[in-house]
Structure formats: structure tokens, C-alpha cells
2 protein chains.
Amino acid sequence: MQSEETKVDTEERIIVAALAVFARKGKDGARMQEIANEAGINKAMLHYYFRSKDKLYEAVFRHVFNRFSAQHATAVKESPTFAKTLKLFIDGFIDSIKEKPDIVRLMVNENLSGGTALGSMIVEKQHEKAAPSILKKKLEEAIKNGEIRPVDPDHTLLTVLSCCLFFFIWAPTIHIKIPKSKDWDAFIESRKEHIFDVVYNGLQPQ
Amino acid sequence: MQSEETKVDTEERIIVAALAVFARKGKDGARMQEIANEAGINKAMLHYYFRSKDKLYEAVFRHVFNRFSAQHATAVKESPTFAKTLKLFIDGFIDSIKEKPDIVRLMVNENLSGGTALGSMIVEKQHEKAAPSILKKKLEEAIKNGEIRPVDPDHTLLTVLSCCLFFFIWAPTIHIKIPKSKDWDAFIESRKEHIFDVVYNGLQPQ
DNA sequence: TTTTGGTTTAACCAAATGGTTGAATCGTAT
DNA sequence: ATACGATTCAACCATTTGGTTAAACCAAAA
């Protein structure tokens, strides 16, 4: 019997490599050989650990979704004021995605191909401690006590999500103007501020 | 010689079918047979009209990009006030996409796979009359004459784009809560209003 | 009617793809 | 040392894939 370490390591490497390939090519466009190459292992190993392409895709999806929501949930604790909660949400969300942008790309691919995996997982994992739930709750509170204008909470949540996610999806096009390694980090920081600035002001009572 | 009508018609049908398949599967994930089925023609026709998968993809990309920017440009004429221009931009943009959401999906796929086709085309087609250029110009004017706060025009444009595009990309997930045919149109209309509402208020001087 | 040119099709091909297999390795317990 | 179960790999297989071809089709010109 080989060490538990080795097995976990190989499994992890496959997941990481598969995520990268699925994220840029989609489920159908991804090639098992490409995943194997990216993981630096034999193609047969993919089937040894995950039986089939379908199972591998499902495993990757579950894995990254769990990691992402867990990480994001810890980053976005509930804060006393709505303003602080919103700021934490935006910063935490963007930081999470910045660290692993492939996760968002995978989810976008799932949406593009009409898959329901993401939706059912969101429904399944929806709970009070999830970051979007926290923000929505705070939003409704803030509307009640007049801190912000009466806006549709669902639309507002979607607006924040759009602003935080979209530029990662659109990155290659944006990179034509913003050099990748040099200014990208600075761009992300300025983006955080801009989103909070516009959204929070946009919710203020007139 | 067959009628010009027939040829154009077949070419058009191929483009339409190819757009649909490329949009949901990406370039690598798309299958020539699937495109042929969707167009209701023999697979060999694809090669007869477009030589190869690469050429077909390129043709589809150019075609839809031109149609989209042309349509959007006519919808978003410059208006006297910034507020009106912004409203026209949002409504026009969303209406354009609503009519052919596959165009956005195709562009997203191009970004996900790191392709540069979109970026170079945007640069190539960038001109004064393009809708984003109009909005940006009006934005800078409005900042100068104090109608709105001094914000980064590029970030603001990106924010508007995010809000208008993202929910189409994320549609399958959103559809879990918003039934597809029944309430989707109403949702889009309310989304238009919400985006203008939050963004315009977010840009107001305090 | 026959010819002519573009158009459409079924059948075909080589390469790529997802998946399988049996032998070779490797660490560990006996 | 040796036996054993988990792991890794090269070679292999059946099917699918992008692409080709030669023949059939069809409208209009001759």
C-alpha cells in the first residue's frame, strides 16, 4: 500500500489540472489527454481515479464549488453596518476569485452549455451562512431602517455579483488595454473601490 | 447556376446554426455534425461553403460582431443629456442582446478559451460612432460640467457592461428562480430600470 | 434537348478521442 | 526475502471526428 499522501496528491493534481482545462474548453471541448498532460500523468490514471470524463467533471465541479463557498463564507463575515458588510462582500468575493479565477470560468461554461449542475448545487447548498444570504439579509435590514433606498434586493445582489464576476470572464479582452502582470493587480484594487463607490452611492436616499 | 437566393439562404442558415452551437459548446466543443443537423443540411456542405471548422468559426464571429455593433449603434443615438444617453445605452444594449443572446455567449466562450479574436476585432472596429465610445464621451462631458461625480469613465463603462451582460450569461442559473418563458421578459424590463436607477444614482454628486 | 456550372449528397478516410487491459512498479506487512 | 494490494504505464480498441471525394442533382444557357 502506498502512502495516503501520494494518493491524495495525485487526486488533487488531477482535480487542479482538470479544472484548468474544463474552465477554458468546457466539458465537451476538454480532452482527457490534455488534462493528463497538464497533470503530468498517464491518461489511464484519470480513469483509474475517476472512472469517466463525466464523473471527473462532476467531481471537479463539486470540489471547487465547496472550496469556493467555504472560503468566501469565511471572508465575508457579517458586519454591524450595511456599508461594511457590502465592502467586505465585494472585497472578499473579488479576492476569492482572483485567487482561483478558473472556478468562475467553469461555472460560466456550465451556464453556457445549459447545464443545471451549478443551479442545483446553489439551491442544495443555500444556507444562512452563505455569503449572498448574508448580504441580502443586511440589505433588507438597511432598507427597513432607512439607511438605503427601497430597492429590489435580488436585483441589487445580482448587480453586485455582475460587477465582481464579469471582468474576470472578460479578462482577455480587457487585457488588451491593461497589461496582464504589471497593472492587473492594481486594476483589481481600483475595481473593488469603484464597485463599492458606485453601488453604495447608488443605494443612498436622495 | 442556381438562384442567388438559395446560396445566400444556405450560407445564412449555416451561420445561424453554427452560432447556436459555437455559443453553447465553444469552438473546440462544437461538432460539425451537430451544426449540420441544426442547419438541416449535409455535413459536407459546411466544408463546401466554409472550407474548415476554423474558417467557419471566424466567419461566424465576424458576422455576428458586425451585425451586433451595427444594430446597437443605431439603437444608441447620442442624446442631449447624460441621463438620457445612459438610459438609451442600457435599454438598447439589453434589447440587442435579448434578441440574440447567443452573440454574447459566443464572445464569452472566446474569452474563456483565451482567444484574441474578440479583442482584436473591438480594437479594429473602434470608432466614434460605436455605442461604448458615445457613452464614454457623454460621461466625460457630464463629469466636466458637474452633472455627475468624478468617476473613472473606463470603470463606469465596464460596470454598465457587466450589469447588462452578466445576467444573460448566468441565465440558466437565474432561471431556477425566474421561470423561463413566463416571467423572463418582465424580469428583463425590471432589470433595465434597476441598472439605470442604481448606476445613475451612484454617479450623482452627494 | 443537351450542355454547363454551381449545389447537394452518401460513402469514405485518416486522425483523434474516450475508454480498457495486462503487465510492470512500488511501498509495506509478514 | 517474499507476497500482496495499490498504483502507474504503454499499448491497444471501438467510436467519433474533421475533412475528402466522386457521383448525383438541378436550374438555366445553348
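Computed over heavy atoms, backbone and side chain alike; hydrogens, waters and symmetry mates excluded. Quick caveat: nothing in here was measured; it's all calculated off a predicted structure. Convention: sequence-line order gives letters A, B, ...; per-chain numbering from 1.
- Distances shorter than 4.0 Å separate some side-chain N or O of T10(B) from OP1 or OP2 on dT8(C).
- Pairs engaging residues 56-67 of chain A under the salt bridge (Lys or Arg N to Asp or Glu O under 4.0 Å) rule: R62(A)-E124(A) [sequence neighbours left out].
- Pairs engaging residues 151-166 of chain B under the salt bridge (Lys or Arg N to Asp or Glu O under 4.0 Å) rule: K136(B)-D154(B) [sequence neighbours left out].
- A straight line from OH of Y57(A) to P of dG18(C) spans 15 Å, rounded to a whole angstrom.
- Sorted by first and then second residue, the salt bridge (Lys or Arg N to Asp or Glu O under 4.0 Å) pairs involving residues 23-35 of chain B (not counting sequence neighbours) are K25(A)-D28(B), D28(A)-K25(B), R24(B)-E34(B), R24(B)-E38(B), K25(B)-E34(B), K27(B)-D54(B).
- If you measure from atom CZ of R13(A) to atom P of dT7(D), you get 15 Å, rounded to the nearest angstrom.
- Here dG19(C) presents its C1' atom at 11 Å from CZ of R51(A), a figure rounded to the nearest Å.
- If you check residues 15-46 of chain A against DNA chain C, the residues with a heavy atom closer than 4.0 Å are A30(A), R31(A), M32(A), K43(A), A44(A), listed by number.
- When the side-chain hydrogen bond (donor to acceptor under 3.5 Å, both in side chains) test is applied to Q33(A), the partners found at least two apart in sequence or on another chain are N37(A).
- Taking the six-membered ring wherever Trp is involved, the centroid distance between the rings of H155(A) and F187(B) falls below 6.0 Å.
- Here the P atom of nucleotide dA22(D) and the NE2 atom of H47(B) are 17 Å apart, to the nearest Å.
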Per-residue pairing states of DNA chain D in dot-bracket (Watson-Crick or G-U under 3.5 Å; . unpaired, | other strand) read ||||||||||||||||||||||||||||||
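- Partners of E193(B) by salt bridge (charged side-chain N to carboxylate O under 4.0 Å, His left out), not counting sequence neighbours: none found.
- A search for salt bridge (charged side-chain N to carboxylate O under 4.0 Å, His left out) contacts involving E110(A) returns nothing, not counting sequence neighbours.
- Atom pair Y49(B):OH and dT8(C):C1' shows a separation of 9 Å (rounding to whole Å applied).
- Scored by the side-chain hydrogen bond (donor to acceptor under 3.5 Å, both in side chains) test, E140(B) finds no partners at all (sequence neighbours excluded).
- In this structure, K53(B) atom NZ and dT16(D) atom P are separated by 16 Å, rounded to whole Å.
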